[in-house]
Participant: 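Quick one: the structure is below, questions incoming.
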Number of protein chains: 2
Amino acid sequence: MPRAGLTQARVVDAAVALVDERGLAALTLAAVAERCGVAAPSLYKHVSNLADLRTLVGVRVIHEMTGQLATAISGRSGADAVASLMRAYRDYVTEHPARYAAMPVDPLHQPEFAEAGLRMLEVIQAALRPWGFDQPNLIHAIRAARVIVHGFASLEAAGGFGLPHDLDETFERVIRMFLADLPEL
Amino acid sequence: MPRAGLTQARVVDAAVALVDERGLAALTLAAVAERCGVAAPSLYKHVSNLADLRTLVGVRVIHEMTGQLATAISGRSGADAVASLMRAYRDYVTEHPARYAAMPVDPLHQPEFAEAGLRMLEVIQAALRPWGFDQPNLIHAIRAARVIVHGFASLEAAGGFGLPHDLDETFERVIRMFLADLPEL
DNA sequence: CTTTTATGCTAATGGCAATAGCTAATGCCT
DNA sequence: AGGCATTAGCTATTGCCATTAGCATAAAAG
């Protein structure tokens, strides 16, 4: 019996691919095992249990998305950076709608996600830095940005918008709405 | 063997109570059956299967919420009605966070939810009527309202906002942001 | 009072998560 | 090269849940 050469990373790869193809609800150890060409109990050598695998997938998604957000704001500043950040957020979700569902909504409150969530938060803070908000106003601004971007993305990922018609236009409008709500620079 | 006197409505009652108490993931036929004082297979006399029960719960939640939204705008108009609508939406979610997760995001696209979803949509349209939007602008306005209200509500229901501190203030700010984005009346 | 209908039951099947314990491949260390 | 410890993978098993089949009896209809 030859070895499959699994590693935790490859198990997570398979899990992510499965989520992409069949949705988050299809993320089962049995399905991941089959995709890895292995019996289900073998996965426990690389992952503690199903909950652990879900966590690992979530962390990977946060990191991946954070990378794209960071790229989106690099070399930009002010309203330009913020708009680019918001568009990058939406782009990630439209490219990988099922992955977005694997991302925890409250990463900062769960130790397993805290570090990844913090890095994403830092990117958002960086985009808003030019405004020089004090602490409470910065918090409100970050929350408003998240509300818009998460609201739009989760509705779009779930097909919640009826016709896809003019969705780009709607998104540009909510970006403008958010920017107009920020103080002049 | 005395009868339990179950009906579909009472099964859904039990399901909703279960969701409230233990979250949407705990909605299982076995648990509902126990709560009804009945063996699990007996539920199939009132509900086709688990998916059907989930649908029934979702429909009930949409109707319930629609009722509260309609109450919130009655006797009001313009910005007053819109703000009241948005607050009522959030209130429902904070009062029943787990139920909100049972509500489908794209009701209009699923036949089982279409009627209920349409009634909710009509309430939102009613609140925006004074602006006299043409079709495309009305669509954008409704979408923007949903983005904000769903984004905020789903983040709050999932505990996604770190400290609950000043959440009311954040919500009032995003309401103002949305109202400021509407044309003058 | 009989007949029909519908409600609830027990028994059984199949899928999935998880654990226990075995076997063999791999890596390390002379 | 040979020996040993480690580790990856396997089969077997348990338990929970959804679902189906078939039975018994309560309630309703005549």
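Note on naming: letters A, B, ... go to the chains in the order of the sequence lines (proteins, then strands), and numbering restarts at 1 for each one.
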Participant: Report the distance from atom CG of B:L50 to atom P of C:dG15, rounded to the nearest whole Å.
Facilitator: 18 Å
Participant: Please confirm whether the shortest side-chain N or O distance from B:H46 to OP1 or OP2 of C:dA6 is below 4.0 Å.
Facilitator: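 Answer is no, no contact under 4.0 Å.
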Participant: Ring centres under 6.0 Å, that's the criterion: do A:Y92 and A:H96 meet it?
Facilitator: yes
Participant: Return the value, rounded to whole Å, for the distance between atom CG of A:L43 and atom C1' of C:dT19.
Facilitator: 14 Å
Participant: Quick one: label B:A4 by what it contacts on the DNA or RNA (base, sugar-phosphate, nothing), any heavy atom closer than 4.0 Å.
Facilitator: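 Sugar-phosphate only.
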Participant: Earliest and latest nucleotide of DNA chain D, 5' to 3', sitting under 4.0 Å from a non-hydrogen atom of chain A?
Facilitator: D:dT7 to D:dA12
Participant: Which residue lies toward the 5' end of DNA chain D, B:K45 or B:S48, if each is placed at its nearest nucleotide?
Facilitator: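 Its nucleotide being nearer the 5' end, the pick is B:S48.
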Participant: Please give me every residue in residues 5-38 of chain A whose heavy atoms get under 4.0 Å of an atom in DNA chain C, ordered by residue number.
Facilitator: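 Close to the strand are A:T28, A:L29, A:A30.
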Participant: Please give, in whole Å, the distance from C:dC16 P to A:Y44 OH?
Facilitator: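 Distance check: A:Y44 OH to C:dC16 P gives 12 Å.
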Participant: CG of B:N49 versus C1' of C:dG15: gap in Å, rounded?
Facilitator: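 That distance rounds to 16 Å.
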Participant: Judged by modelled atom types alone, do B:T66 and B:R119 share a side-chain donor-acceptor pair under 3.5 Å?
Facilitator: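 No, because no side-chain N or O of B:T66 sits under 3.5 Å from a partner of the opposite role on B:R119.
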Participant: Salt bridge between A:R176 and A:E172, side-chain N to carboxylate O under 4.0 Å?
Facilitator: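 Looking at A:E172 together with A:R176, the answer is no, because their closest N to O distance does not fall below 4.0 Å.
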Participant: When you measure from the side chain of B:W131 to the backbone N and O of B:P183, does any donor-acceptor pair fall under 3.5 Å?
Facilitator: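 Checking the backbone N and O of B:P183 against the side chain of B:W131, a donor-acceptor pair under 3.5 Å is found.
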Participant: Taking the basic N atoms (NZ, or NE/NH1/NH2) and the acidic carboxylate oxygens, is any pair closer than 4.0 Å for A:D181 and B:R173?
Facilitator: no
Participant: Starting at CE of A:M86, measure out to CD1 of A:I73 and round the result to the nearest 0.5 Å.
Facilitator: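 Output value for this atom pair is 13.5 Å.
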Participant: With a 4.0 Å cut-off on N to O distance, would you call A:R90 and A:D168 a salt bridge?
Facilitator: yes
Participant: Taking the six-membered ring for Trp and the single ring otherwise, decide whether the centroids of B:F152 and B:Y89 are under 6.0 Å apart.
Facilitator: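 No: the rings miss the under 6.0 Å criterion.
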